[in-house]
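Structure, as structure tokens:
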Amino acid sequence: MMSKYHQLRSDLSSDLRVVLVGQERVGKSSAGNTILGKKQFDCRFSSRPLTLISEKREEDVQGHRVSVVDTPGLFSSQLSEEEMKAELEKAVDLSSPGPHIFLLTIQLGRFTEQEQGDLETLQKLLSPDVSKHTMVLFTYGDRLENTNIDQFVRDDKNLKKLLDKCSGKYHVFNNREMENRDQVKELFEKIDSVSEGGRLFYQKRSSQSLSLILRVYRMIYQRFHWLFNIIFCVFRWFEEHIE
Ligand SMILES: Nc1nc2c(ncn2[C@@H]2O[C@H](COP(=O)(O)OP(=O)(O)OP(=O)(O)O)[C@@H](O)[C@H]2O)c(=O)[nH]1
Ligand SMILES: [Mg+2]
């Protein structure tokens, strides 16, 4: 049975909410496992895509309650565009009140035209606003050997273009070394900087409009609360004196 503590923890939203997106077979599920420090998502060696629905797993990692949502591959060979859109929307719902970061997962050394369209696809299926909450996560860090990742990025103008269109941050994971927790610590630091210490996160359009209406209402109320009070008093007076 779930203890009261665990029940309470699962009722609260996680401190750090991550959604993994990217092409099929690029190492999204493996990266999810590396973040959580446990084999929570299926990442077997296979010739066909394994993740076909969005799924969430949560763990306590380095003092944070972290939720990771794994998604099917963009440009899926198995799902239609509508089905993919539904899975991405589900991923956002699973990360309620909204993900701090979308990790656009790219296999190091594979950056074809298809990968270059990942961010646009994500924006088309969710909203243009996702870009500022997106950072690039390179997998297959073991391929780097002695190459410097910053130099690698600088040398690829298409990669630089992609980074200019999102948060500009990137990170490398070697998923073969799940026990290397420094790579996770560094990722958290970068997410912290993009999300301004967890303050900023992606919100669905409807929630964005609602929070805008509330902000405008609060602003009007703060400026004109004396007027609201007078109107309220006048109504009270009429109520009490006129039958
Ligand atoms: N060498 C190496 N292999 C990796 C790395 N990350 C993932 N892999 C391998 O790449 C293959 C695909 O990994 P997954 O994590 O299943 O990729 P995915 O994007 O979730 O794939 P689908 O869900 O099937 O679309 C697996 O065989 C992994 O072991 C890495 O950093 N280095
Ligand atoms: Mg997967």
Side-chain angles (χ1 to χ4, degrees), residues 17-59 61 66-92 94-95 99 101-119 121-122 125-126 130 134-150 152-153 159 162 169-188 190:
R17 300 177 295 274
V18 173
V19 174
L20 288 152
V21 291
Q23 303 280 316
E24 287 173 340
R25 310 298 302 143
V26 291
K28 301 180 298 299
S29 303
S30 306
N33 293 337
T34 301
I35 294 172
L36 297 172
K38 271 189 190 165
K39 204 162 172 199
Q40 293 271 22
F41 299 110
D42 189 1
C43 64
R44 276 167 296 148
F45 181 66
S46 154
S47 56
R48 59 181 182 84
L50 294 178
T51 310
L52 298 177
I53 54 166
S54 293
E55 280 186 301
K56 174 166 113 168
R57 299 284 183 274
E58 272 182 294
E59 285 296 334
V61 185
V66 180
S67 83
V68 174
V69 178
D70 190 16
T71 64
L74 296 166
F75 303 106
S76 169
S77 54
Q78 313 287 310
L79 306 179
S80 67
E81 193 174 300
E82 285 72 38
E83 285 169 326
M84 190 57 215
K85 183 175 164 62
E87 287 307 320
L88 284 173
E89 283 168 353
K90 178 178 153 199
V92 171
L94 286 170
S95 306
I101 204 83
F102 289 88
L103 292 176
L104 178 51
T105 314
I106 293 175
Q107 195 174 305
L108 254 182
R110 196 183 108 180
F111 193 61
T112 64
E113 260 177 41
Q114 203 170 36
E115 275 86 10
Q116 287 167 38
D118 281 354
L119 187 64
T121 305
L122 197 58
L125 298 180
L126 286 175
V130 283
T134 301
M135 70 178 269
V136 171
L137 178 69
F138 295 106
T139 50
Y140 283 75
D142 40 321
R143 285 183 178 166
L144 261 183
E145 294 177 353
N146 294 323
T147 315
N148 176 287
I149 184 64
D150 302 321
F152 179 85
V153 170
L159 257 182
L162 168 67
K169 289 257 185 283
Y170 56 90
H171 189 61
V172 189
F173 260 4
N174 175 0
N175 292 317
R176 284 278 148 89
E177 275 185 17
M178 199 202 272
E179 63 290 352
N180 172 1
R181 305 312 290 160
D182 282 348
Q183 56 179 349
V184 178
K185 185 169 174 271
E186 281 170 32
L187 174 76
F188 286 179
K190 290 175 186 173

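In each ligand, atom 1 is the first atom listed, and ligand 1 is the first ligand listed. Positions are given from 1 along the sequence.
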Any idea which atoms of ligand 1 are less than 4.0 Å away from a heavy-atom of [X]?
| X | value |
| --- | --- |
| P49 | 24 (O) |
| T51 | 22 (P), 23 (O), 24 (O) |
| E24 | 25 (O) |

Provide, to 0.1 Å, the distance between [atom] and the closest protein heavy atom, together with that atom's residue and name.
| atom | answer |
| --- | --- |
| atom 25 (O) of ligand 1 | R25 N, 2.9 Å |
| atom 27 (O) of ligand 1 | F45 CA, 3.6 Å |
| atom 24 (O) of ligand 1 | L50 N, 2.6 Å |
| atom 17 (O) of ligand 1 | G27 N, 3.0 Å |
| atom 32 (N) of ligand 1 | D142 OD1, 2.9 Å |
| atom 6 (N) of ligand 1 | N175 ND2, 3.0 Å |
| atom 7 (C) of ligand 1 | S30 OG, 3.3 Å |
| atom 26 (C) of ligand 1 | C43 O, 3.7 Å |

Taking atom types as modelled and ignoring hydrogens, do the side chains of [X] and [Y] form a donor-acceptor contact shorter than 3.5 angstrom?
| X | Y | value |
| --- | --- | --- |
| N174 | Q183 | no |
| T139 | T105 | no |
| Q23 | Q107 | no |
| T34 | N175 | yes |

Is it the case that over 12 heavy atoms from other parts of the model lie below 6.0 angstrom from the NZ atom of K90?
yes

Whether over 12 other heavy atoms sit under 6.0 Å from E113 CD:
no

Any side-chain heavy-atom pair of I106 and L137 under 4.5 Å:
no

So, 2.8 Å as the limit: is an N/O/S atom of S30 located closer than that to the Mg ion (ligand 2)?
no

Please determine if [X] has a nitrogen or oxygen closer than 3.5 Å to a nitrogen or oxygen of ligand 1.
| X | answer |
| --- | --- |
| Y140 | yes |
| R176 | yes |
| G73 | no |

Can you tell me, to 10 degrees, how wide the angle at the Mg ion (ligand 2) is between OG1 on T51 and OG on S29?
90°

Nearest 0.5 angstrom please: [X] [atom1] to [Y] [atom2], how far?
| X | Y | atom1 | atom2 | value |
| --- | --- | --- | --- | --- |
| E186 | R181 | CD | CZ | 12.5 Å |
| R44 | R48 | CZ | CZ | 6.0 Å |
| D42 | S29 | CG | OG | 7.0 Å |

